[in-house]
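Below is one structure, written out as structure tokens; comments come after it.
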Amino acid sequence: MKSNMSSILDGLNPEQLAAVTLPHQSALILAGAGSGKTRVLTTRIAWLLQTGQVSPSGILAVTFTNKAAKEMLVRLTAMLPLDPRGIWIGTFHGLSNRLLRTHHREAGLPRLFQILDSADQLSAIKRLLKSMNADTEKFEPKKVQNFINSNKDTGLRSDKIEAYDPYTRRLADFYSAYDEQCNREGAVDFAELLLRSDEMLARNSVLREHYQERFRHLLVDEFQDTNRLQYRWLKHFAGASSALMAVGDDDQSIYAFRGAHTGNMNDFQRDYAHDNLIKLEQNYRSHGNILDAANALISLNQTRLGKNLWTAAGPGELIRVYIAYNDQEEARFIVEEAQALHREGTALNEIAVLYRSNAQSRVLEHALFGAGIPYRVYGGLRFFERQEVKHALAYLRLLANPDDDSAFTRIVNFPARGIGARTLEQLIDAAQGAQSSLWRTACNSDAKPGGTKGLAGFVALMRAMQEAIIGLALPEAIAHILQTSGLMAHYQAEKDGQDRMDNLHELVNAAATFIRDPDALAEEDDDEGMMANFLAHAALEAGMHQAGAGHDALQLMTVHSAKGLEFQTVFLTGLEEGLFPSEQSLAEHDGIEEERRLMYVAITRARQRLYVTQAQNRMLHGQTRYGIASRFLSEIPAVLLKPVNAAYPAHADTPLQTVARSQHSNSPWRMGMNVRHAKFGTGVVINLEGQGNDMRIQINFGGAHGIKWLALEYAKLEAV
DNA sequence: CATGTCTCCATTTTT
DNA sequence: TGGAGACATG
């Protein structure tokens, strides 16, 4: 035991050790990039268990992604010969699902509630807007979805929204109607999973105290990415005897646009950690020059908790800067360098090409394809998001829950069985009149002659299906559904249907794998419960991005999706003003700081070698744009940079560069700066014009005041 | 109902 | 430039 115990602590540095063996207290762990964050988190859990301070059921560990949760579990079981079944390790959404399945009655949900993924939610909203005769020009479904989700993410129900203008009031009406529709159909979207759990625990003190007593240790990963609702959610589980450990890095907060609230870190310090702050600053990933560049850059951000990475490794190579004439030449350079590295023995999957926006991948892919270099692009459709898989799942959903109108509309005429738009519209009207679901209405419409023939056929088909799968295990049931629904036959007849058929077969396999997985073991183990659990799994874990992974291939991805990964060599591309930092970020509150954090994340992905590239001309939106070098390039100390072509440093500035320089140095006002105006409040500088007393500044004050040009001579402005 | 044509638009993404 | 979605036509 003793030797075992010391072995899990072996090799930890003093700060890591302090975090892992912290007494029963709450603490904030500020964990820099590459500082062994996941290791600390998992070793902490192992340490608590091994020393008998807590039993597995006393631990709640929350992550953002399934990948992170899985990795934690894998590393934990590698450290401890322990059945981790009692531990609650999972994503916010996964754990909420678990909670709501167990306490569906207390939460006011049907036992077999369905989970809507973003695409399901969007079509539910479209359906709703149509039934409310909303003007979808004025109220775009995407915008409505965004409105609903961002309010849920802040913990606001429709009745709590402060709507002072008719537009917002209408949005709040849609929100409220949407929630009603979801309740009627037994559907729950992603944000709702959290909000429901939050409300249930807020209202039900018996339940809350039960969990507070149970969980003695709460651990949260990537805390800087939590939104307001998630923090509120977490607090319900924290009782008087719970210790919370939040691990995060404010410098790597790059998800403000989807609700992440870095202020949670400060709140957490105030609410729980007090002055218990442990900084993990030793970096085990990158060489010194790379870290110096990252440190210098991020130090320009005003709002940080403060942290400086260091490494015991040597300085390593300088950062290579390449200024290309245009985007194609940038791609050509990367191809040549990657080929050379590969020849010298670097595995292709140790080389990553990062970009700010997905559109940049096209030119790169073209060049790589032409050179015959295998590559893999991250992003895109995932397994459970493919249309054929969603169709198949819709049959399951309708069988599990006949009130699921989304599933009904998706499959009632797919494969085509002669039920046209007219029939469907009549059915929808009838259902609305009867305050009933489409399925129930369709069942009753048998009596009416004419026009319902196709519908009657569909009802009969589903009923026969329901009969046939009784007693079948999930994979067999799915296989049966694929045949009798006509889905298989449909794709067989299609000329490019082979891939889709393969995916449908894969779905059967996925079900077979699932029923062997501990995830599937819920309180209820009847067939219906199993099916509901599988559907939840499909929604919560959309699966791998695409096939063709695993093989040795160059990695192409956005900077956002590179977070958490590392590579021997990184090409950081498109370092141009307007692209990185992105144009629109300039108008956002704290936009530049977030872009800088993004740049920080990008730099710290590289272990040995980092290339930064810029294209002086780039095809964007069908037009050639002349881009000046990103300010981030000049924010890296020149001594760390090594130009690899003659164009750098530019001795003769282009006019645009001169303008940029004057904006950078002569005046105290800079792009992206936060300022306060006596009347308009705080805003961010998005443009500058002129010199000295003639200077005008364009500022985005957000909200009611919006974007304004102000003459510096008259406007009283102060920096914030 | 499938397919062609037009128009509009354009960060970042997990659950 | 090119993809997605709306609309029209055989």
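The chains referred to below are lettered A, B, ... by the order of the sequence lines, with proteins before strands, and numbering in each begins at 1.
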### Query
Nearest to the side chain of A:T65 - B:dT11, B:dT15, B:dT13?
B:dT15

### Query
Is A:R101 close enough and on-axis enough to A:F113, meaning under 6.0 Å and within 45°, for cation-pi?
yes

### Task
Starting at atom CD of A:Q360, determine the distance to atom P of B:dT11, rounded to an integer number of angstrom.
11 Å

### Query
Just checking A:N358: base, sugar-phosphate only, or nothing, at a heavy-atom cut-off of under 4.0 Å?
sugar-phosphate

### Query
Does the base of B:dT12 carry an N or O that pairs as donor and acceptor with the side chain of A:S585 under 3.5 Å?
no

For nucleotides 1-4 of chain B, tabulate all protein N/O to nucleotide N/O atom pairs closer than 3.5 Å, reporting atom names and distance.
residue : atom : partner : partner atom : Å
B:dC1   : OP1  : A:N413  : ND2          : 3.2

### Message
Check whether A:Y600 forms a cation-pi arrangement with A:R597 (NZ or CZ under 6.0 Å from the six-membered ring centre, at most 45° off the ring normal).
### Response
no

### Query
In whole Å, what is the span from the CG atom of A:L598 to the C1' atom of B:dT13?
12 Å

### Task
Using whole Å, report how far CD of A:E594 lies from P of B:dT13.
13 Å

### Query
From A:K152 NZ over to A:D198 CG, what is the distance, rounded to the nearest 0.5 angstrom?
12.5 Å

### Task
Scan A:F92 against the nucleic acid and name what it touches under 4.0 Å (heavy atoms): base, sugar-phosphate only, or nothing.
nothing

### Query
Is it the case that more than 12 heavy atoms not belonging to A:R75 sit under 6.0 Å from its CZ atom?
yes

### Gap between atoms CD and P, on A:E385 and B:dT15 respectively (whole Å)
10 Å

### Message
Please pick, from B:dT15, B:dT13, B:dA10, the nucleotide with the shortest atom-to-atom distance to any side-chain atom of A:H621.
### Response
B:dA10

### Message
Once you apply a heavy-atom cut-off of 4.0 Å, does A:T91 come out as touching a base, just sugar-phosphate, or nothing?
### Response
sugar-phosphate

### Query
Out of B:dT15, B:dT13, B:dT12, which nucleotide sits closest to the side chain of A:R356?
B:dT12

### Query
Rounded to the nearest Å, what distance is computed from the CG atom of residue A:L381 to the C1' atom of nucleotide C:dA4?
13 Å

### Task
Mind calculating the distance between CG (A:N146) and C1' (B:dT15) to the nearest angstrom?
15 Å

### Message
I'd like to know if A:E425 and A:R422 make a salt bridge, using a cut-off of under 4.0 Å between side-chain N and carboxylate O.
### Response
no

### Task
For A:D117, report the nucleic acid contact type (base, sugar-phosphate, nothing); a contact means any heavy atom under 4.0 Å.
nothing

### Query
In whole angstroms, how far is the C1' atom of B:dT14 from the OH atom of A:Y378?
16 Å

### Message
Would you compute the distance between atom CG of A:L116 and atom CG of A:D404 and round it to the nearest 0.5 angstrom?
### Response
7.5 Å

### Task
Could you grab the distance from atom CD of A:Q224 to atom CD of A:Q252, nearest 0.5 Å is fine?
6.5 Å

### Message
What is the distance, to the nearest angstrom, from the NZ atom on A:K126 to the C1' atom on C:dA4?
### Response
10 Å

### Task
Determine whether more than 12 heavy atoms belonging to other residues, nucleotides or ligands lie under 6.0 Å from atom CD of A:E566.
yes

### Message
Please give the distance between the C1' atoms of B:dT14 and C:dG3 as a whole number of Å.
### Response
23 Å

#### Entry: Selection from B:dT15, B:dT13, B:dT11 that lies nearest to any side-chain heavy atom of A:T558
B:dT13

### Query
Considering only B:dT15, C:dG2, B:dT11, which nucleotide approaches the side chain of A:S118 most closely?
B:dT15

### Query
In terms of the nearest nucleotide of DNA chain B, which residue is placed more toward the 5' end: A:L540 or A:S357?
A:S357

### Task
Would you classify B:dT11 as syn or anti? Syn applies when the glycosidic angle is within 90° of 0.
syn

### Query
On a whole-Å scale, what distance lies between the C1' atoms belonging to C:dG5 and B:dT12?
23 Å

### Message
Tell me whether A:R386 forms a cation-pi arrangement with A:F384, defined as NZ or CZ under 6.0 Å from the six-membered ring centre and within 45 degrees of its axis.
### Response
no

### Task
Return the nearest nucleotide to the side chain of A:F190; candidates are B:dT15, B:dT13, C:dG3.
B:dT15

### Query
Are the ring of A:F257 and the base ring of B:dT12 both nearer than 5.5 Å at their centres and tilted by less than 30°?
yes

